[in-house]
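Below you'll find the structure, written out as structure tokens, and then a few comments.
Remember, it's 1-based here, ligands and their atoms both numbered in the order they're listed. Heads up: numbering here begins at 1 and tracks the sequence. Worth saying up front: this structure is predicted, and the values here are computed from it rather than measured.
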Amino acid sequence: MSQEVLVKIKESLVNLDLDRTIDFVKKAIEYGVKPIDIINVLADGMKIVGDLYERGVYFVADLIIASEIFKEIMNILEPLIMREKEVLKPIGRVVIGTVEGDIHDIGKNLVTTMLRANGFEVIDLGVDVSPQKFVDAVKQYKPDIVGMSALLTSTMINMKKVIEALEKEGLRDKVKVIVGGAPLTEKFAKEIGADAYGENAVIAVEICRKLVEELRRSRY
Ligand code: B1M
């Protein structure tokens, strides 16, 4: 039953049907499906929407509708995710943003939610964030981790510019850097000098935990 409802959620999102997606998400919650499993099928659905766009079946307006549906569902799931976790003293502080030239924020928001739900303090700089803005935020908030997201092959290289800007300001050694987003790879992350690549939001949380531990060990 749960598997069936998850398929329906994905289909309704791909068909850009807000009401049906909400109905099936509510059913899934009733059946006891975990929020993260719902998020995973929604993310799969977004990939299909992207493929339909690439094939000329869907247009940018359809991508916008799909992202609005995703955000509506996140409004339902977020309180459940936050309730699942007991947030005590912050584990660490993360400054996060989507890099310059890029306005995709669903993945970044998801990472932010999962980090917050797992006890991190997150300062979200939003989208289209310039290297200077990242640098200023590091100076202001003194985070343990800088997180960057990019969804376009044309903007992922801007992550390197942020790392270079941090180096130039003498801040690179003070923070760990994690990058993520659909077009990225582990290899790319290494090449640009990031400390880690997060394939998805759940993995990103685990990596951030390890990065904070590493940072604390190197400080003492
Ligand atoms: Co755009 N778009 N889009 N889009 N869009 C893609 C990325 C694309 C692959 C679609 C396609 O052609 N198949 C394509 C990029 C092609 C390329 O670069 N080679 C594309 C394009 C071309 C464009 C425009 C140029 C279209 C146009 O205007 N002609 C334009 C660019 C605008 C800009 O940024 N300057 C554009 C615009 C948009 C909308 C605004 C309409 C909308 C975004 C709305 C929003 O975000 N508020 C949109 C959407 C929705 C998509 C697709 C369909 C879905 C993206 C998404 O939200 N996925 C996307 C197709 C695709 O990705 N296959 C596409 C769901 C989300 C949960 O996944 O973001 O990958 P994702 O996040 C994952 C992981 O990557 C990871 O965790 C998340 C899940 O657990 N992760 C991190 C992400 N960030 C992380 C950071 C971390 C760690 C992990 O650490 C810090």
Contact with ligand 1 for M114, non-hydrogen, under 4.0 angstrom: no
Salt bridge (charged side-chain N to carboxylate O under 4.0 Å, His left out) partners of E169, counting only residues at least two apart: K139
Atom 33 (C) of ligand 1: the protein heavy-atom neighbour that sits closest, reported with distance to 0.1 Å: I103 CG1, 3.5 Å
Distance-only N or O hit between ligand 1 and E54, under 3.5 Å: yes
Indicate every side-chain donor-acceptor pair of residues 99-108 with a distance under 3.5 Å to a residue at least two apart or in another chain.
unit_1 : atom_1 : unit_2 : atom_2 : d
D102   : OD1    : H104   : N      : 3.1
D102   : OD1    : H104   : ND1    : 2.8
D102   : OD2    : L151   : N      : 2.8
D102   : OD2    : L152   : N      : 3.2
D102   : OD2    : T155   : OG1    : 2.7
D105   : OD1    : K71    : NZ     : 3.0
D105   : OD2    : K71    : NZ     : 3.3
K108   : NZ     : D124   : OD1    : 3.1
K108   : NZ     : D124   : OD2    : 3.0

Which of the ligand 1 atoms, numbered from 1, are nearer than 4.0 Å to a heavy atom of A201: 77 (O), 79 (C), 80 (O)
Q3, CD: over 12 other non-hydrogen atoms inside 6.0 angstrom: no
Protein non-hydrogen atom below 4.0 angstrom of atom 9 (C) of ligand 1 present: no
Distance below 2.8 Å from atom 1 (Co) of ligand 1: protein N/O/S atoms: H104 NE2
Test item: protein heavy atom less than 4.0 Å from atom 27 (C) of ligand 1: yes
Atom indices of ligand 1 within 4.0 angstrom of D102 heavy atoms, with elements: 34 (O)
Atom CD of E199: over 12 foreign heavy atoms under 6.0 Å: no
Exceeds 12 heavy-atom contacts within 6.0 angstrom, atom CZ of R20: no
Nearest neighbour in protein (non-hydrogen) for atom 68 (O) of ligand 1: G107 CA, 4.4 Å
Nearest-neighbour protein heavy atom for atom 84 (N) of ligand 1, which is reported as residue plus atom name and distance: S149 OG, 2.8 Å
Heavy atom of protein inside 4.0 Å of atom 24 (C) of ligand 1, strictly below: no
Atoms in ligand 1 with a heavy atom of I178 nearer than 4.0 Å: 90 (O), 91 (C)
Presence of salt bridge, E164 and K161, under 4.0 angstrom: no
Of the listed options G101, A43, S154, closest to atom 35 (N) of ligand 1 (non-hydrogen atoms): G101
Note: E191-K187 ion pair, threshold 4.0 Å (strictly below): yes
Which residues share a salt bridge (charged side-chain N to carboxylate O under 4.0 Å, His left out) with K27, sequence neighbours left out: none
Donor-acceptor side-chain pairing of E11 and N15 below 3.5 angstrom: no
Main-chain N/O of V122 paired with R116 side-chain donor or acceptor, under 3.5 Å: yes
contact_flag G181 ligand 1 heavy-atom lt 4.0 Å: yes
N75 atom CG: more than 12 heavy-atom contacts under 6.0 Å: yes
Shortest protein heavy-atom distance from atom 44 (C) of ligand 1, along with the residue and atom involved: S67 OG, 3.4 Å
Interfacing atoms of ligand 1 (cut-off 4.0 Å, heavy-atom, I64): 41 (C)
